[in-house]
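Encoded as structure tokens, the structure appears first; notes follow it.
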Protein chains: 2
Amino acid sequence: MTKNPGNVEKLIRVSSDIPRKTVYRLSLYLRCLGLMVARRESIVSSAALASVAGVQPAQLRRDLAYCGPLGKRGTGYEVVTLRNRLEEILGRASLQPVILVGVGNLGQALLSYKGFAREGFEIVAAFDLKPQKQMEGRMGVRGMGSMKGLVQRREIRMAILCVPGSSAQSVAEQLCEVGIQAILNFSPVVLHLPETVAVNNVNLAIELENLSYFAR
Amino acid sequence: MTKNPGNVEKLIRVSSDIPRKTVYRLSLYLRCLGLMVARRESIVSSAALASVAGVQPAQLRRDLAYCGPLGKRGTGYEVVTLRNRLEEILGRASLQPVILVGVGNLGQALLSYKGFAREGFEIVAAFDLKPQKQMEGRMGVRGMGSMKGLVQRREIRMAILCVPGSSAQSVAEQLCEVGIQAILNFSPVVLHLPETVAVNNVNLAIELENLSYFAR
DNA sequence: TAGATTGTTAATCGATTAACAATC
DNA sequence: TAGATTGTTAATCGATTAACAATC
């Protein structure tokens, strides 16, 4: 409402209610801007950025409008400024600690994947119901008992869940109990959890099945 | 329009225009039904199935209505019949051959993941721009040159793309040229391809970033 | 000033949900 | 028949897009 609410108020406002789909696309824009920064581009129009991100210019402008007025009419957006603002909104300032639960096939695969670190996330520990699993990478696999202490000591908020469908719900409930607030769920069941816990589902089998439908 | 259009016409109708989001949820329902079949449940109501799948009953009924009339009023849906019908619609009759392109960190992880086979997909070959990569599992990693022949010989329609962002667009174009019709894209860029090619994006970094936003 | 592009409003579109007649 | 639950219509909701005034 006010023209220039100042930094503190701005931060409060922002963290309130950006639509979920918009937040998702902000991440997308952030990656596109990363490319442009690397290419030393200083200004970008909504049309150009939208094209790279695969969305409509009007949608991009509307999404960015949630972040406050960032562009200059007649000119466009300053690439570095916009990038910094999106990083700030998405909370990418610091390295986020994450735990991984379920060191089966997919869990091991994700543990060995170094892409998370590159994007600001660090898997600080791995847990399994049957922790006798062989060491994976540089990281030991622990039993569930030691989870609570670690999560609280290191103030961990996020977990990657890769247990089989049969134990997913109960393990997810344990995660909530120890204070996890967001779960990236790779197990093939729909979790029923309190609304205060954010869940994103990644179901590789469904993605493939879905594609196979559209490939005739 | 007609009450009972007969099997052939029904099949044609069905493969036409089920909304994309509905197709996605059909896969979800199929998995829930799998659990119920395993538990020897014979009948399920829209309310019960919807609850397991995490959707509203009305939405479930609407989704299923795209598949023809399948339920019995006053009773519910016959579990096995419904499961079979969804498998038929989603084309899960036969094992689908898939290629994987880009055997870096994530590509190797996915190659070692055995979950695809369990769901009816077989990764029949792996390709890389620099195929000197060490053998992975039971499968050799080939150079891109041999891709066209294999894809056409085995009539492969689907590819999993795990190359770095910098080469993703050009590799995706090569995939289209050799006849791939659907791509599961793990590389962190938005692909610009002909509309005839279906693309599903899985961006693990964005999923985590998105969660971290909602975990405050 | 003239040209360009944003920020925002209003219109459109599609998807979800509530409600209920049909019917098992 | 009475009770239950589907299939479907109509209402609602939210998200996308077109259009344009504001303004750099």
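Below, each value reflects all heavy atoms present in this structure, side chains not excepted, and no hydrogens, waters or symmetry copies. We name chains A, B, ... by the order of the sequence lines, and we start the count at 1 in each one.
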Nearest to the side chain of [X] - [options]?
| X | options | answer |
| --- | --- | --- |
| B:Arg62 | C:dT9, D:dA22, C:dT16 | C:dT16 |
| A:Lys21 | D:dA19, D:dT16, D:dA10 | D:dT16 |
| A:Arg73 | D:dT6, D:dA22, D:dA18 | D:dA22 |

Please report the distance, rounded to the nearest Å, between [atom1] in [X] and [atom2] in [N].
| X | N | atom1 | atom2 | result |
| --- | --- | --- | --- | --- |
| A:Asp63 | C:dT6 | CG | P | 14 Å |
| B:Tyr24 | C:dG14 | OH | P | 22 Å |
| A:Tyr77 | D:dC24 | OH | C1' | 13 Å |
| A:Leu82 | C:dT5 | CG | P | 16 Å |
| B:Lys72 | C:dC24 | NZ | P | 9 Å |
| B:Leu64 | D:dT5 | CG | C1' | 13 Å |
| A:Gln59 | C:dG7 | CD | P | 16 Å |
| B:Arg61 | D:dT6 | CZ | C1' | 6 Å |

| Carboxylate-amine/guanidinium proximity below 4.0 Å for A:Arg85 and A:Glu78 |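 Between A:Glu78 and A:Arg85 there is no salt bridge, as every charged N stays at least 4.0 Å from the carboxylate O atoms.
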
| Between A:Tyr24 and B:Glu209, is any side-chain donor less than 3.5 angstrom from a side-chain acceptor? |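 No donor-acceptor contact under 3.5 Å links the two side chains.
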
| Complementary nucleotide for D:dC13 - Watson-Crick or wobble, under 3.5 Å |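 Paired with D:dC13, as far as the under-3.5 Å criterion goes, is C:dG14.
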
| field | Watson-Crick or G-U wobble mate for D:dC20, both contacts under 3.5 Å | value |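 For D:dC20, the partner nucleotide comes out as C:dG7, under the 3.5 Å rule.
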
| said: Tell me the closest heavy-atom pair linking B:Gly102 and B:Leu100, and the distance in Å. | reply: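 What the structure gives for the nearest pair is O-CD2, 3.7 Å.
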
| task | Ignoring hydrogens and angles, tell me if any N or O in the side chain of B:Gln169 forms a donor-acceptor pair with the backbone of B:His192 under 3.5 Å. | result |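 Checking the backbone N and O of B:His192 against the side chain of B:Gln169, a donor-acceptor pair under 3.5 Å is found.
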
| task | Nearest-nucleotide wise, let me know which of B:Gly74 and A:Val55 is further upstream toward the 5' end of DNA chain D. | result |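 First, find each residue's nearest nucleotide; the 5'-ward one identifies B:Gly74.
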
[X] side-chain N/O to [N] phosphate OP1/OP2 under 4.0 Å:
| X | N | result |
| --- | --- | --- |
| B:Tyr66 | C:dA15 | no |
| A:Thr75 | D:dC24 | no |
| A:Ser45 | C:dT5 | no |
| B:Arg25 | C:dT16 | yes |

| field | Among A:Thr81, A:Val52, A:Val79, A:Val80, the one residue meeting side chain to side chain contact (heavy atoms under 4.5 Å, CB included) with A:Leu33 | value |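 Filter result, single survivor: A:Val79.
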
